[in-house]
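Down below is the structure, laid out as structure tokens.
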Amino acid sequence: MAINERFEELVRKTDINSPAPENEPARQAWFLARARLLTQRRMEEAGRPLTFRVETFGCQMNARDSEKIVGILESAGFTEAPSEDTDFLVYNTCTVRDNADQRVFGRLGRASHLKKKNPGMKIVVCGCMVQEKSNVEKIRRSYRFVDLVFGTHNLYRFAEYLCTCLESDGMVVEIWDRADRIVEALPVARKYPFKSGTNITFGCNNFCSYCIVPYVRGRERSRTPLEILRECERLVSDGVVEIMLLGQNVNSYGKDLDTPCTFAELLTEVCKIEGLKRIRFMTPHPKDLSDDVIRVVRDNEKIARHIHLPLQSGSDRILKRMNRHYTKEQYIALAQKIRGQIPDVAITTDIIVGFPGEQDCDIDDTIDVIRRVGFDNAFTFIYSKRAGTPAAKMPDQVPDEDKNRMFDRVLAAVQETAHGRAEKLTGRTMEALAEEVNVKDSSYITARLSNNMLVHVPGDPSMIGKMLQVRLDECRGFYFFGSVV
Ligand code: 5AD
Ligand code: SF4
């Protein structure tokens, strides 16, 4: 039985004339049943369907959370709208860098105009940004048209908040400092029918000195292997062929469980699921990526030939101040070990430039790592000061001008190695999962190689969700044009 069906049965059985149950997920089933009535009533009053739109910022975790929000909204009777001009607008936010916050405030400003045209419209802000008190204060003060604000720890209560929001007019704010439990079995509306993410851990215990995540997502909590495996099996029986296991640091998976289980053991079990064709994971931390994990990846063809291994900096001095617990040479040795054991693996990374105290000599070290590892791709970020993190209090913040110069240097080095790595694959035939119709030319399909690179091939929508054998005919820097063989 699919997750949604199990929950649906709870909703059907619930009696909304008796008080809401205290236990989960029965409580959310009660509120969902109630939300259906409220939505129905509103639709009758309006004489038209009610629509929603969920705008997602940030990482894979947020994308997965949005699928849960969409699951509840669709289940309550709303239909997805093509734009933000809608009845129920949700911003699922990110706060990892300041520009993400600013973008949301900009979008909220525009949404207020839409609400003037459609006064019944509800506007919701949720996710990491509102786990920070200052942002909630700002919304209360200057964005009073917002109807609901809720955080990352109580997302499972969204059906309940939806009811409150539909029944009242003031701003509802529900932020928790920590999670009280992991609630399974709520409805999820997957964005892609053939691939899905699955959370294996929530939160992070690492406290890298620049990073806000441990403060907004809380301490690390693992789901049990049984829950994860059951969810993966259900996904596969529902047509999913690719699953990405998600956690802020997947290497520490299972350490907090009553019966400990390592990430390598979990991966091995997931590989055994019949019908599952490709497995990805995000994100391992270089300080504790075990030989066991490398071996499991090497020995299981189902696991994608791609390891995203955030470097952040190549300078020992900066790495220490970042609280990363590895040195430049340790990182390089690890990357070489991975390359040595797993032929054709792509190694990608995240790099921060302009961390407090960083100088051009530190960037020289970062560039040295980029060249020696030969990254297949990298996301380069300009350091953003996050209030409450240790790095924000460091006195030697780097001027914008210097940050921009450092950024350009790093970007050029990354482009050089990435192009070189991609170029070498030209002419090869590889397996690729057809994901969507090409956005620029609808006679092409965009497919993803095991190493996470994209290849565009002539084709039609019937190919979507299928594994194709594709020849990489022409390299265009970070992606390919190819043909199905
Ligand atoms: N400034 C810039 N980049 C950051 N990241 C995390 N925190 C910050 C920050 N304060 C980057 C890291 C991380 C990625 C998800 O975001 O590179 O790996
Ligand atoms: Fe942030 Fe470091 Fe945790 Fe990643 S490992 S989420 S960068 S604190």
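Note that the coordinates shown come from a computational prediction; the quantities given were computed from them, not determined experimentally. Indexing begins at 1, ligand by ligand and atom by atom, following the structure's order. Worth knowing before you read on, the calculation uses all heavy atoms, side chains too, and leaves out hydrogens, waters and symmetry mates.
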**Report entry** Winner among Q60, R97, Q248 once heavy atoms are compared against atom 16 (O) of ligand 1
**Finding:** R97
Query raised in the report: Do the side-chain N and O atoms of D65 and N92 include a donor-acceptor pair separated by under 3.5 angstrom?
Result: no
**Report entry** atom 4 (Fe) of ligand 2: nearest protein contact (heavy atom, Å)
**Finding:** Q248 O, 4.5 Å
Query raised in the report: Of all the non-hydrogen atoms in the protein, which one sits nearest to atom 3 (Fe) of ligand 2, and at what distance?
Result: C204 SG, 2.3 Å
Query - Y143 six-ring face occupied by K138 cation (under 6.0 Å, within 45°) - result: no
Query - Distance filter under 4.0 Å to R386 heavy atoms, resulting ligand 1 atoms - result: 10 (N)
Query raised in the report: Of all the atoms in ligand 1, which lie at a distance below 4.0 Å from a heavy atom belonging to V96?
Result: 6 (C), 7 (N), 8 (C), 9 (C), 10 (N)
Requested in this report: Decide, counting backbone as well as side-chain atoms, whether C211 has an N, O or S atom less than 2.8 Å from atom 1 (Fe) of ligand 2.
Outcome: yes
Requested in this report: Would you kindly say whether S450 and E431 are connected by a side-chain donor-acceptor distance under 3.5 Å?
Outcome: no
Report task. Could you find the nearest protein heavy atom to atom 7 (N) of ligand 1 and give me its residue, atom name and distance? Result -> Y210 CD1, 3.3 Å
Query raised in the report: Considering residues, nucleotides and ligands other than D396, do more than 12 of their heavy atoms fall under 6.0 Å from its CG?
Result: yes
Requested in this report: May I ask you to identify, for P214, whether its side chain, its backbone, both or neither come under 4.0 Å of ligand 2 on a heavy-atom basis?
Outcome: side chain
**Report entry** Under-4.0 Å heavy-atom contact with ligand 2, by part of Y210 that carries it
**Finding:** side chain
**Report entry** N/O separation below 3.5 Å, Q312 to ligand 1
**Finding:** yes
Query raised in the report: How many angstroms lie between atom OG1 of T86 and atom CG of L114, to the nearest 0.5 angstrom?
Result: 9.5 Å
Requested in this report: Is it possible for you to check whether K328 lies under 6.0 Å from the centre of the six-membered ring of Y331, through NZ or CZ, and within 45° of that ring's axis?
Outcome: no
Report summary line: The atoms of ligand 1 lying under 4.0 Å from a heavy atom of Y383, numbered in the order shown, are 1 (N), 2 (C)
**Report entry** Mode of F381 contact toward ligand 1 - side chain, backbone, both, neither (heavy atoms, under 4.0 Å)
**Finding:** side chain
Query - Contact flag C208/atom 2 (Fe) of ligand 2, N/O/S atoms, threshold under 2.8 Å - result: yes
Requested in this report: Could you give me the CA-CA distance, side-chain angles and deciding distance for R230 and E227, then say whether salt bridge (charged side-chain N to carboxylate O under 4.0 Å, His left out) is met?
Outcome: CA-CA 5 Å; R230 274 207 201 124; E227 275 158 358; over 6 Å; no
**Report entry** Non-hydrogen atom of T389 closer than 4.0 Å to ligand 1
**Finding:** no
Query - CD/Q102: more than 12 non-hydrogen atoms of other groups inside 6.0 Å - result: yes
Query raised in the report: Non-hydrogen atoms of R324 versus ligand 2: any pair closer than 4.0 Å?
Result: yes
Query - Q131 side chain vs T152 backbone, donor-acceptor pair below 3.5 Å - result: yes
Query raised in the report: Strictly by modelled atom types, are Y161 and N154 linked by a side-chain donor-acceptor pair under 3.5 Å?
Result: yes
Report task. Note the single closest protein heavy atom to atom 5 (S) of ligand 2, along with its residue, its atom name and the distance in Å. Result -> N206 ND2, 3.4 Å
Query raised in the report: Does the side chain of R103 pick up a donor-acceptor pair with the side chain of N99 at under 3.5 Å?
Result: no
Requested in this report: Report yes if D350 has an N/O atom closer than 3.5 Å to an N/O atom of ligand 1; otherwise report no.
Outcome: yes
